[in-house]
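Only a predicted model underlies this, so the values are computations on that prediction, with no experimental measurement involved. Heavy-atom basis, side chains included; hydrogens, waters and symmetry copies ignored. We're numbering straight along the sequence, starting at 1.
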Amino acid sequence: QVQLVESGGGLVQAGESPRLSCAASGRTFSSGAMAWFRQAPGKGREFVAVITWSGGGTYYAFYADSVQGRFTISRDNAKNTVYLQMNSLKPEDTAVYYCAASPKTDYRRSYYSNGASYDYWGQGTQVTVTS
């Protein structure tokens, strides 16, 4: 079993650059993926970014078009923590941000943008961006 705990959300102004953290505990994966999704009020869950790794330590990152160039996902292997650095925030980035994890990897980007591909989810952290 894996537990995911997000932190770093809150009320921020447009243009600010907060960082979200997702700390994983319990089972660890020699390869897998951890991702961020978000859900805005009245909307469905949206893929934001994913980072994948293999036993050899290779990391790949993919982003949604809406955040490409503004958000950066990274992983601290020693701390078993994934981060989402969010730059140039906009009011439309307001949402509950969820961390997700899977012990599986795939060559398809569509696999990672599908929430059903992940076995474990955090409780979410609210990010509210004011203009």
Side-chain angles (χ1 to χ4, degrees):
Q1 195 63 281
V2 175
Q3 293 78 42
L4 303 175
V5 178
E6 303 99 334
S7 61
L11 183 65
V12 297
Q13 290 191 332
E16 290 187 344
S17 302
R19 186 179 74 166
L20 303 183
S21 300
C22 173
S25 61
R27 176 187 172 191
T28 58
F29 312 140
S30 58
S31 62
M34 290 184 72
W36 289 95
F37 287 76
R38 67 186 182 185
Q39 187 164 18
K43 296 186 177 181
R45 185 175 58 194
E46 175 190 23
F47 167 76
V48 175
V50 64
I51 188 165
T52 73
W53 67 92
S54 68
T58 302
Y59 293 80
Y60 295 97
F62 307 112
Y63 300 90
D65 290 343
S66 58
V67 306
Q68 179 75 49
R70 297 190 298 124
F71 291 10
T72 302
I73 190 170
S74 61
R75 182 173 184 263
D76 186 326
N77 190 40
K79 295 181 179 180
N80 214 13
T81 298
V82 168
Y83 303 97
L84 184 68
Q85 177 66 50
M86 304 185 293
N87 296 330
S88 303
L89 278 179
K90 307 174 182 178
E92 50 263 45
D93 293 317
T94 294
V96 177
Y97 283 72
Y98 297 93
C99 177
S102 170
K104 301 181 287 291
T105 59
D106 196 280
Y107 67 93
R108 299 166 295 172
R109 291 197 178 201
S110 60
Y111 174 86
Y112 296 107
S113 63
N114 185 348
S117 300
Y118 299 87
D119 299 313
Y120 307 102
W121 290 84
Q123 293 300 306
T125 183
Q126 175 72 46
V127 176
T128 302
V129 185
T130 61
S131 58

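Checking side-chain atoms of Tyr112 against main-chain N and O of Asp106 turns up a donor-acceptor pair under 3.5 Å. For Glu6 (side chain) and Gly124 (main-chain N/O), a donor-acceptor pair under 3.5 Å exists by modelled atom type. When atom types are taken as modelled, the side chain of Thr94 and the backbone of Val129 share a donor-acceptor pair closer than 3.5 angstrom.
In this structure, Arg70 and Asp93 have side chains that are in contact, with non-hydrogen atoms separated by less than 4.5 Å. Contact annotation: the side chain of Ser66 approaches that of Arg38 to within less than 4.5 Å [non-hydrogen atoms, C-beta and beyond].
Taking the six-membered ring where tryptophan is involved, the planes of Trp121 and Phe37 are tilted, since the angle between them lies from 30° to 60°.
Between Asn80 and Arg75, the shortest heavy-atom contact is OD1-NH2, 3.4 Å. Closest heavy-atom contact between Gly122 and Tyr98: O-CD2, 3.7 Å. Scanning both residues, Ala14 and Ser131, for their nearest heavy atoms gives CB-CA, 4.3 Å. Closest approach of Ile73 and Trp36 over heavy atoms only: CD1-CD1, 3.7 Å. For the pair Gly9 and Leu20, the tightest heavy-atom approach, listed with the atom from each and the gap, is N-CD2, 3.6 Å.
Sparse packing is recorded around NZ of Lys79, with 12 or fewer heavy atoms of other residues, nucleotides or ligands lying under 6.0 Å away. Within a 6.0 Å radius of OH in Tyr60, other residues, nucleotides and ligands contribute 12 heavy atoms or fewer. The environment of CD in Gln123 is sparse: at most 12 heavy-atom neighbours from other residues, nucleotides or ligands sit within 6.0 Å.
Residue Phe71 holds its CZ atom at 9.5 Å from OG of Ser17, rounded to the nearest 0.5 Å.
Tyr63 meets the ring-ring contact (aromatic ring centres under 6.0 Å, His included) test with no other residue; sequence neighbours excluded.
For residues 82-131, the set of pairs meeting the disulfide (SG to SG under 2.5 Å) definition, not counting sequence neighbours, comprises Cys22-Cys99.
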